Amino acid sequence: MARYNPKETEPRWRKAWADADVFRTADDDPRPKYYILEMFPYPSGRMHMGHVRNYTMGDVVARYKRAQGHAVLHPMGWDAFGMPAENAAMERGVHPKGWTYDNIAAMREPFKVLGTSIDWSREFATCDPEYYGQQQRWFLALLKRGLVYRREATVNWDPVDMTVLANEQVIDGRGWRSDAIVEKRKLTQWFLRITDYADDLIEGLKTLERWPEKVRIMQENWIGRSQGLRLTWKFDGTAPAGLEGGLEVYTTRPDTLYGASFLAIAPDHPLAEQLASDPRVADFIKLCRAGGTSEAEIEGAEKLGLDTGLSVVHPFDPQRKLPVWIANFVLMDYGTGAIFGCPAHDQRDLDFARKYALPVTPVVLPNDADPADFKVAAEAYVGPGRIFNSGFMDGMTVEQAKAAAVTRVEAQGQGKGATVYRLRDWGVSRQRYWGCPIPIIHCAACGPVSVPDEQLPVVLPDDVSFDVPGNPLLRHPTWKNVSCPSCGADAQRETDTLDTFVDSSWYFARFANPHAATPIDKAAADKWMPVDQYIGGVEHAVLHLLYARFITRALKDEGMLSVAEPFDGLFTQGMVTHETYRRQDGDWIEPSNVTFETDAGVRVARLAETGEQITIGDIEKMSKSKKNVVAPEGIFEIYGVDAARLFVMSDSPPERDVEWTNAGVEGASRFVHRVWAEFENQPANAGHAFDDSDEAALALRRATHKLIGPVGDSIERFRFNSGVAKLYEFLNILKAYPAAGASNAVLAARQEALEVLARLINPFTPHLAEACWEKLGMTGMVVDADWPKADAALAADNEVTLPVQINGKRRGELVVAKGADSKAVEALALADPSVSVHLAGLTVRKVIVVQDRIINIVAN
RNA sequence: GGGGACGUGGCGGAAUGGUAGACGCAGCGGCCUUAAAAGCCGCAGCCGCAAGGCGUGUGGGUUCGAGUCCCACCGUCCCUACCA
């Protein structure tokens with residue numbers, strides 16, 4: 001009997017699928033559509049286990065939906081712009097374009113080997129001019145709509161690499177690559193007006209019922225809507241230039257206005273900069289900017305302040321004057337960059353007030369506190385209570401006082417109730433080569449002018465050098481020199497490129513027709529959008545998933561799309577982890593160099609070559625730096641693709657991390673071989689001559705029909721590990737009815753079981769499923785077969801085993817007909833000897849019979 | 001500081017409020033084999049010879065019945081943050 005040989009079998013079926021072009025999706029397919037998408041990968045050049053897990057998950061669903069009769073769209077592309085290509089260029093002298101396309105070519109192969117049911121005819125990379133050219137087109141459309149603008153902004157500037165860094169790329173105040181101390185610089189940058197959609201993006205979350213609650217909460221917090229008051233404080237005496245109207249602050253606690261003891265402005269507030277002609281102020285601002293931005297530094301940062309000498313008048317009590325300070329903890333880019341400090345009811349303000357001996361006046365009295373001796377010591381009181389020491393607000397609740405204060409301020413013309421968001425507009429300019437060029441021409445006379453439609457795409461020049469840091473586009477001899485589309489004068493192209501998150505914020509809509517002459521083929525997008533199921537890592541919970549939602553809404557308003565939300569269902573999968581190994585000197589060791597032995601029950605790891613004992617470390621995300629990476633290709637080679645797919649789907653719930661282990665994939669491989677053995681053992685002419693009077697045959701048929709529902713269910717509910725467990729369980733049952741020496745009735749039942757099994761394993765192990773289907777002599781390929789339908793009569797039990805409990809403790813069990821009458825069951829239970837033994841000396845108070853479930857006897 | 005998730009055997013994990021530990025890994029015993037590997041059959045929460053008892057982080061509560069629901073606490077992990 002031939003052992004299953006995945007190395008021979010798997011490529012044969014991939015070829016059969018490709019030859020029959022089974023995964024090509026037609027736009028005019030009349031069946032109900034199902035669009036499944038995995039977050040497209042960055043083409044690093046290597047497939048990793050995370051990809052295997054991500055794409056297998058999507059493929060399981062895709063193949064299942066296909067079998068269920070859907071027209072499934074399952075496309076694939078490459079998120080191909082970005083820094084690694086430029087880093088490679090700088091480090092190795094290769095061209096980013098060549099490097100990227102080589103990587104794509106290198107990764108396409110293992111992705112195809114994975115056997116996913118992808119329509120490769122729709123493949124594209126974001127660095128294809130055809131793609132980014134269309135991106136430029138909609139960028140200009142949004143510019144025209146007023147959703148794109150330019151302004152000066154403070155950025156993280158790496159003086160060695162000569163580029164802007166994202167906040168995430170600044171580690172302890174230094175550039176993550178150059179290790180240079182990052183400077184704050186003011187640069188003119190392009191922004192997308194995502195804040196225009198802040199409310200829509202929050203409201204839209206409510207419609208995303210098939211998104212994880214966690215992601216919705218993260219987005220809501222990120223957008224950070226708060227209700228408050230913008231309030232202008234008039235200066236006491238002469239106001240500084242430009243601030244004759246006063247100094248505007250934002251607060252969410254207008255109820256505590258009577259507790260205000262100072263105003264504070266951010267070090268980069270215009271007023272602070274105006275005062276910087278005073279060297280004391282200039283020095284202080286410098287001191288504030290020196291502070292790091294790391295978590296630890298912010299946590300431990302001391303509150304620093306400088307009294308400007310200016311003072312303002314309290315809006316409710318003109319007799320009271322408050323000093324204006326510059327404080328390091330006030331941020332310019334939230335609210336108005338200025339606050340009023342109420343130390344009694346805000347911890348930061350309290351810390352500041354204690355340090356600089358400013359007054360602390362409690363104005364909120366906790367409900368059970370005595371006004372005579374309520375004091376705020378080291379901790380600010382932020383709870384509910386009644387307002388006191390507050391003139392017209394005395395006696396109000398916090399909520400009442402907030403409303404009253406806003407009304408009074410508005411009546412005085414000194415401010416307005418306001419909604420403020422934490423969300424900022426999206427800065428999309430990058431001083432980088434390997435990105436989508438921003439299609440703008442700067443003209444001395446006309447200002448920034450859009451590149452005319454007929455001149456699109458603005459294509460990146462290939463002849464660039466990376467031998468000096470900085471943006472090669474800026475020093476390219478000719479590329480940026482053009483004439484102004486508006487007046488014809490000499491002008492310069494914008495040399496900044498777009499943030500790569502722009503590229504990934506609309507690709508899903510482009511898949512509907514990747515070669516359309518407009519950004520989005522509306523008819524095709526109307527057919528396929530929204531994505532029914534999106535799958536990816538939770539690390540994109542805020543950035544990518546928020547940007548994609550924003551761009552979708554913006555493009556809808558532009559008339560390019562009909563849907564407001566791009567992803568109807570979202571699933572965030574866990575990571576693939578592996579044990580780590582280190583030598584005594586701390587060097588990380590690759591798993592392939594480690595051997596194991598068991599010494600007195602303890603696992604000991606040794607270096608393969610030398611036998612040197614090494615330390616088994618934590619289980620962590622596979623990463624190059626810790627060398628705990630297992631390459632999928634090597635696993636495919638040894639165990640076959642199906643075993644690898646099966647293992648990543650079976651070992652852990654998909655939203656949790658899965659630990660890659662050799663033993664685990666070996667277990668999956670054993671299952672593959674055992675399944676095959678059952679098909680091999682089945683005689684060719686078994687047929688479907690069912691004889692339900694044969695008890696064994698009937699039992700097997702029941703098991704078969706009981707399997708179908710739960711496996712499908714596990715896929716629908718993203719409980720793949722449970723579904724796989726059901727399949728394992730079923731195989732164990734099937735093995736109890738061997739073909740050798742079986743009756744015709746059992747052989748027929750086995751035949752049915754195998755025909756069902758081949759279709760149920762197909763989403764998980766598609767190559768094996770084809771081989772099994774072929775072995776059974778079925779026509780066509782299993783990839784085109786329908787999902788099996790369970791016979792309800794066979795799937796339902798006709799008898800049930802009921803546990804009998806006495807006072808909640810299990811004391812026996814009872815086999816009765818399904819749906820048996822409660823009274824009869826109760827009598828049987830009480831009469832059962834194993835039960836009555838435990839009832840001796842007790843009085844039965846009550847008997848609960850839950851039909852077909854359980855019997856509980858209450859006795860004492 | 002704010003928000004969220006999770007806590008079940010040696011391990012990964014199952015379990016619409018209804019027999020806790022499915023399934024897999026590791027382990028143990030047996031068969032096969034000259035032997036090993038592979039494969040196959042079986043055992044297996046803990047204590048106990050057994051009868052039986054105890055068991056889902058801890059303590060309470062709701063319920064005929066709680067891993068599951070509620071409250072408090074402990075622990076672990078993740079996200080976020082001088083956000084006014």
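Note that this is a predicted model, so its numbers are computed, not measured. Convention: sequence-line order gives letters A, B, ...; per-chain numbering from 1.
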Worksheet entry | Rounded distance in Å between the C1' positions of A15(B) and U56(B) | 11 Å
Worksheet item: Rounding to the closest angstrom, what is the interatomic distance between G59(B) and G75(B) at atom P?
Response: 16 Å
Item to complete: For the side chain of Arg810(A), starting at C-beta, report the closest nucleotide among U19(B), G24(B), A14(B).
Response: U19(B)
Discussion item. Please confirm whether the shortest side-chain N or O distance from Arg422(A) to OP1 or OP2 of U80(B) is below 4.0 Å.
Written reply: no
Worksheet entry | Contact nearer the 5' end of RNA chain B, comparing Ser650(A) with Lys846(A) | Ser650(A)
Discussion item. If you go through the side-chain atoms of Lys214(A), does one of them form a donor-acceptor pair with the base of C79(B) closer than 3.5 Å?
Written reply: no
Worksheet item: Hey, is the side chain of Tyr334(A) poking within less than 4.0 Å of OP1 or OP2 on A84(B), counting only N and O atoms?
Response: yes
Worksheet item: Could you state the CE-P distance from Met218(A) to A5(B), rounded to the nearest angstrom?
Response: 12 Å
Practice prompt. Rounded off to whole Å, could you give me the CZ-to-C1' distance for the Phe329(A) and A84(B) pair?
Written response: 8 Å
Worksheet item: Counting side-chain heavy atoms from CB outward, which of G18(B), G4(B), A84(B) is closest to Arg853(A)?
Response: G18(B)
Worksheet item: Side-chain N or O of Lys726(A) less than 4.0 angstrom from OP1 or OP2 on A15(B)?
Response: no
Discussion item. Can you check the distance between G17(B) and U68(B), where both ends of the measurement are the C1' atom (answer in whole Å)?
Written reply: 7 Å
Discussion item. Suppose you measure atom P in C70(B) against the same atom in C23(B); what distance do you get, rounded to whole Å?
Written reply: 31 Å
Worksheet, complete the sentence: Assign each of Ala668(A) and Val330(A) the nucleotide of RNA chain B bearing its closest heavy atom; nearer the 5' end lies the nucleotide of Ala668(A)
Discussion item. What is the separation between atom CG on Asp333(A) and atom C1' on C82(B), rounded to the nearest whole Å?
Written reply: 12 Å
Worksheet item: Can we say Glu799(A) and Lys818(A) salt-bridge, meaning some charged N sits less than 4.0 Å from an Asp/Glu carboxylate O?
Response: no
Item to complete: Verify the ring-centre separation between Trp426(A) and Phe501(A): is it less than 6.0 angstrom?
Response: no
Worksheet item: Has the side chain of Arg811(A) got a donor or acceptor atom sitting under 3.5 Å from an opposite partner on the base of U19(B)?
Response: no
Practice prompt. Would you tell me if any nitrogen or oxygen in the side chain of Arg656(A) comes within less than 4.0 Å of OP1 or OP2 on G13(B)?
Written response: yes
Worksheet item: Does Arg670(A) place a side-chain N or O at less than 4.0 Å from the phosphate oxygens OP1/OP2 of G24(B)?
Response: no
Worksheet item: Can you check whether Asn721(A) has a side-chain N or O nearer than 4.0 Å to OP1 or OP2 of G12(B)?
Response: no
Fill in: Closest listed nucleotide, where the reference is the side chain of Glu729(A) and the choices are A81(B), C64(B), C23(B)
C23(B)
Discussion item. Measuring only the P atom in each nucleotide, how far is C11(B) from C43(B)? A whole number of Å is fine.
Written reply: 23 Å
Discussion item. Over all strands shown, is Asn221(A) touching base, sugar-phosphate only, or nothing at heavy-atom distances under 4.0 angstrom?
Written reply: sugar-phosphate
Worksheet item: Looking for any heavy atom pair under 4.0 Å, which part of the strands does Ile848(A) touch: base, sugar-phosphate only, or nothing?
Response: base
Worksheet item: Looking only at atom types and distance, does a side-chain atom of Lys402(A) sit under 3.5 Å from a main-chain N or O of Arg253(A), one as donor and one as acceptor?
Response: no
Worksheet entry | Sidechain-backbone polar pair: Arg702(A) side chain, Ala796(A) backbone, donor-acceptor under 3.5 Å | yes
Worksheet entry | Nucleotide nearest Leu331(A) when distance is taken to its side chain, options C54(B), G4(B), C83(B) | C83(B)
Item to complete: Among the candidates C23(B), C54(B), U19(B), find the nucleotide nearest to the side-chain atoms of Gln805(A).
Response: U19(B)
Practice prompt. Using atom types as modelled and distance alone, determine if a side-chain donor or acceptor of Asn721(A) lies under 3.5 Å from a backbone N or O of Asp651(A).
Written response: no
Item to complete: Could you go through the salt bridge (Lys or Arg N to Asp or Glu O under 4.0 Å) check for Lys206(A) and Glu209(A) one step at a time?
Response: CA-CA 7 Å; Lys206(A) 296 185 182 123; Glu209(A) 286 163 18; over 6 Å; no
Fill in: G24(B) versus C31(B) - spacing of their C1' atoms, nearest Å
23 Å
Item to complete: Please state how far atom CD in Gln219(A) lies from atom C1' in U80(B), giving the value in whole angstrom units.
Response: 14 Å
Item to complete: Establish, with yes or no, whether the OP1 or OP2 oxygen of A15(B) is under 4.0 angstrom from a side-chain nitrogen or oxygen of Arg719(A).
Response: yes
Worksheet item: So what does Arg717(A) touch, heavy atoms closer than 4.0 Å: a base, only the sugar-phosphate, or nothing?
Response: nothing
Discussion item. Determine whether a donor-acceptor pair (one donor, one acceptor, N or O, separation below 3.5 Å) exists between the side chain of Arg424(A) and the base of C83(B).
Written reply: yes
Response to the item:
Separation of G4(B) atom C1' from Trp211(A) atom CH2, nearest Å, is 17 Å
Discussion item. Output the rounded distance in Å from CG (Leu646(A)) to P (G12(B)).
Written reply: 20 Å
Item to complete: In whole angstrom, give the distance that lies between atom CG of Asp713(A) and atom P of A14(B).
Response: 15 Å
Discussion item. At 4.0 Å (heavy atoms only), tell me whether Glu659(A) reaches a base, stays on the sugar-phosphate, or touches nothing.
Written reply: nothing
Practice prompt. Name the pairing partner of U76(B), where a pair is Watson-Crick or G-U wobble with both distances under 3.5 Å, or state none.
Written response: A5(B)
Response to the item:
If pairing means Watson-Crick or G-U wobble with both distances under 3.5 Å, then the partner of U16(B) is none
Response to the item:
Partner of U56(B) under the Watson-Crick or G-U wobble criteria, both distances under 3.5 Å, comes out as none
Worksheet item: Now, which nucleotide makes the Watson-Crick or G-U wobble pair with G48(B), with each of the two distances under 3.5 Å?
Response: none
Practice prompt. Provide the distance between the two C1' atoms, one in G53(B) and one in G48(B), to the nearest whole Å.
Written response: 9 Å
Worksheet item: Distance-only, no hydrogens or angles: does the Glu220(A) side chain make a donor-acceptor pair with backbone N or O of Arg225(A) under 3.5 Å?
Response: no
Item to complete: Give one of base, sugar-phosphate or nothing for Gly224(A), where a contact means two heavy atoms less than 4.0 Å apart.
Response: nothing
Discussion item. I want to check something: taking the side chain as every heavy atom from C-beta on, are Leu358(A) and Phe352(A) in contact at a cut-off of under 4.5 Å?
Written reply: yes
Discussion item. With side-chain contact (heavy atoms from CB on, under 4.5 Å) as the criterion, how do Ile265(A) and Leu247(A) come out once you've worked through the C-alpha distance, each side chain's angles and the decisive distance to 0.1 Å?
Written reply: CA-CA 9 Å; Ile265(A) 60 172; Leu247(A) 180 62; 3.8 Å; yes
Discussion item. By nearest atom, which of the nucleotides C23(B), G18(B), C83(B) is closest to the Asn732(A) side chain?
Written reply: C23(B)
Fill in: Watson-Crick or G-U wobble mate for C25(B), both contacts under 3.5 Å
G10(B)
Practice prompt. Mind checking Tyr250(A) for me? I need base, sugar-phosphate or nothing, with any heavy atom below 4.0 Å counting as a touch.
Written response: base
Response to the item:
Assigned chi class of G9(B) under the 90° convention is syn
Worksheet item: What nucleic acid atoms does Val850(A) come within less than 4.0 Å of, heavy atoms only: base, sugar-phosphate, or nothing?
Response: base
Worksheet entry | Separation of atom CH2 in Trp676(A) from atom P in C40(B), rounded to whole Å | 16 Å
Worksheet item: Can you tell me how far P in C46(B) sits from the matching atom in A50(B), rounded to whole Å?
Response: 12 Å
